[in-house]
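Notes follow once the structure below has been shown.
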Amino acid sequence: MKKGKKSEIKKLRVKTHKNLLLVKSDSEEDKKKLEIIRDILINEDNKDKADLHNYFLNNKGEAIFKHLPFFDIYERHFSKYRGKDINMMEIGVGSGGAVKMWREYFRNNNANVNIYSIDKNPKCKQFEGDNIKIFIGSQDDRDFLNEVKSQIPKLDILIDDGGHRMNQQIITFEEMYGHIKDDGIYLCEDVYTSYWPNFGGGYKNPNSFIEYTKNLIDYLNAYWATEEDDLYPNSFTDSAYSIHYYDGIVIIEKRKRDTRYNDICQQAIIGKTKE
């Protein structure tokens with residue numbers, strides 16, 4: 001695999017929001033920008049599963065700031081929850097547009113959808129409303145997160161779109177993963193900051209969130225470790241079903257492990273075999 005050009009890497013490090021298009025009016029210039037975004041966002045493969053994409057494109061309310069590839073990822077992992085009663089949390093309120101987007105997306109067929117959110121900016125309280133509850137505090141404050149957990153039900157989905165610093169992402173995972181339902185989803189966005197030293201990351205930095213989650217891969221497979229390995233199954237092993245890595249996103253799908261898999265049957269052969 002070829003290494004990236006140093007000039008391109010330096011440019012990305014300096015310009016965090018590379019190639020950001022801002023659309024905030026119906027001006028001719030903004031209409032042209034919107035067409036570019038639409039052409040990138042929707043294609044032949046996803047046009048029939050693009051409700052979130054279109055909500056984003058047609059948004060006239062509070063701003064929504066998302067990376068364009070994320071919408072296909074959302075549809076892939078979240079569509080099964082539509083029309084169902086769910087509890088969801090997004091860390092990071094921003095301009096308030098995303099929490100409303102989630103409410104509208106999930107409450108298809110009049111489902112009861114409760115949206116919880118965390119932000120350290122007290123002004124974000126203004127975005128509370130119909131089935132939207134916002135907590136003000138820091139996501140790297142363990143006491144605060146424990147207080148939040150005491151006030152909300154277990155979650156079907158948690159999205160970490162907060163401060164994107166390593167300690168914030170790791171502490172949030174450690175405190176909130178256990179508050180996800182057995183069949184829920186934990187999603188951390190903008191994990192490219194794991195490669196940025198000014199966010200506490202850096203390539204192969206053992207303290208980065210990416211490197212932290214790479215260790216989770218071992219625990220996902222811990223029942224296959226040999227006696228010589230210093231690797232033992234833990235609560236994550238018994239609760240995680242899969243880990244997905246995308247450009248900028250890490251997703252962990254939960255599924256409670258059937259104890260019979262460990263005790264009785266890990267593999268099976270059914271059918272005729274050669275003598």
Side-chain angles (χ1 to χ4, degrees), residues 1-83 88 90-109 113 115 117 127 132 157-164 185 187-196 199 210 242 244-251 253:
M1 183 179 295
K2 294 181 179 180
K3 294 183 178 180
K5 295 179 181 179
K6 290 184 178 180
S7 60
E8 293 176 351
I9 295 172
K10 289 179 179 178
K11 183 178 180 182
L12 179 58
R13 286 176 177 169
V14 171
K15 192 174 182 181
T16 303
H17 299 311
K18 186 180 181 184
N19 299 333
L20 171 64
L21 291 183
L22 174 62
V23 178
K24 58 181 180 179
S25 72
D26 291 324
S27 69
E28 289 303 314
E29 181 182 357
D30 277 2
K31 287 179 180 178
K32 290 178 181 178
K33 292 179 185 177
L34 193 61
E35 282 304 311
I36 294 172
I37 296 170
R38 179 178 286 107
D39 287 344
I40 296 171
L41 199 58
I42 299 180
N43 53 56
E44 285 297 317
D45 292 331
N46 67 15
K47 65 180 182 180
D48 295 326
K49 296 179 289 185
D51 286 350
L52 274 174
H53 308 57
N54 284 309
Y55 184 100
F56 177 60
L57 289 166
N58 296 321
N59 182 46
K60 303 295 184 183
E62 288 86 359
I64 302 170
F65 180 15
K66 293 289 183 181
H67 292 273
L68 301 189
F70 288 6
F71 287 91
D72 283 343
I73 299 169
Y74 295 149
E75 286 283 359
R76 172 179 289 186
H77 291 275
F78 293 168
S79 60
K80 65 182 180 180
Y81 294 99
R82 298 192 73 186
M88 176 187 178
E90 182 165 32
I91 297 175
V93 177
S95 298
V99 289
K100 294 182 179 180
M101 177 181 72
W102 296 126
R103 182 185 62 189
E104 297 306 313
Y105 175 72
F106 284 112
R107 67 178 182 185
N108 189 32
N109 297 326
V113 178
I115 307 292
S117 196
F127 301 119
I132 297 175
I157 297 171
L158 185 147
I159 298 175
D160 181 357
D161 187 21
H164 311 316
I185 289 177
L187 185 153
C188 188
E189 292 188 359
D190 302 339
V191 294
Y192 47 73
T193 56
S194 282
Y195 301 95
W196 296 353
F199 275 71
I210 285 290
S242 64
H244 300 258
Y245 286 86
Y246 298 94
D247 183 1
I249 284 181
V250 173
I251 294 178
E253 291 183 307

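Values below: every heavy atom of this structure, side chains too, minus hydrogens, waters and symmetry copies. As the structure is a computational prediction, the values presented were derived from the model and not from experiment.
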Aromatic ring proximity, centroids under 6.0 angstrom, Tyr246 and His77: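 Yes, they do, as the ring centres are separated by less than 6.0 Å.
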Rounded to the nearest 0.5 Å, how far apart are [atom1] of [X] and [atom2] of [Y]?
X      : Y      : atom1 : atom2 : result
Ile64  : Lys100 : CD1   : NZ    : 10.0 Å
Ile185 : Lys80  : CD1   : NZ    : 4.5 Å
Lys66  : Asn59  : NZ    : CG    : 12.5 Å
Asp51  : Arg82  : CG    : CZ    : 4.5 Å
Glu90  : Ile159 : CD    : CD1   : 4.5 Å
Asp190 : Asp160 : CG    : CG    : 9.0 Å

Ring geometry between Tyr74 and Phe78 (parallel below 30°, tilted from 30 to 60°, perpendicular above 60°):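 Ring orientation of Phe78 relative to Tyr74: parallel.
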Pair Leu52-Trp102, side-chain contact (heavy atoms from CB on, under 4.5 Å): steps then yes or no: CA-CA 9 Å; Leu52 274 174; Trp102 296 126; 3.8 Å; yes
Stepwise side-chain contact (heavy atoms from CB on, under 4.5 Å) check, Asn46 with Glu75: CA-CA 9 Å; Asn46 67 15; Glu75 286 283 359; over 6 Å; no
CG/Asp247: more than 12 non-hydrogen atoms of other groups inside 6.0 Å: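 Not more than 12 within 6.0 Å, no.
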Derivation of the salt bridge (charged side-chain N to carboxylate O under 4.0 Å, His left out) call for Arg38 and Glu35: CA-CA 5 Å; Arg38 179 178 286 107; Glu35 282 304 311; 2.6 Å; yes
Heavy-atom pair of closest approach, residues Ile91 and Leu158: CD1-CD2, 4.3 Å
Closest non-hydrogen atom pair between Phe199 and His164, with its separation: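 Shortest heavy-atom separation between Phe199 and His164 comes out as CD2-O, 3.5 Å.
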Contact check, side chains of [X] and [Y], non-hydrogen atoms, under 4.5 Å:
X      : Y      : result
Leu41  : Asn54  : no
Asp72  : His53  : yes
Ile132 : Arg103 : yes

Pair His244-Ile249, side-chain contact (heavy atoms from CB on, under 4.5 Å): steps then yes or no: CA-CA 8 Å; His244 300 258; Ile249 284 181; over 6 Å; no
Main-chain N/O of Trp196 paired to Thr193 side chain as donor or acceptor, under 3.5 Å: no
Lys33 (side chain) donor-acceptor with Leu22 (main chain) under 3.5 angstrom: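 Side chain of Lys33 to backbone of Leu22: a pair is present.
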For Ile37, all residues meeting side chain to side chain contact (heavy atoms under 4.5 Å, CB included), sequence neighbours excluded: Leu21, Val23, Phe56, Leu57, Leu68
Ser95 side chain to Glu62 side chain, donor-acceptor N/O pair below 3.5 angstrom: no
Step-by-step side-chain contact (heavy atoms from CB on, under 4.5 Å) determination, Leu20 to Phe65: CA-CA 10 Å; Leu20 171 64; Phe65 180 15; 3.8 Å; yes
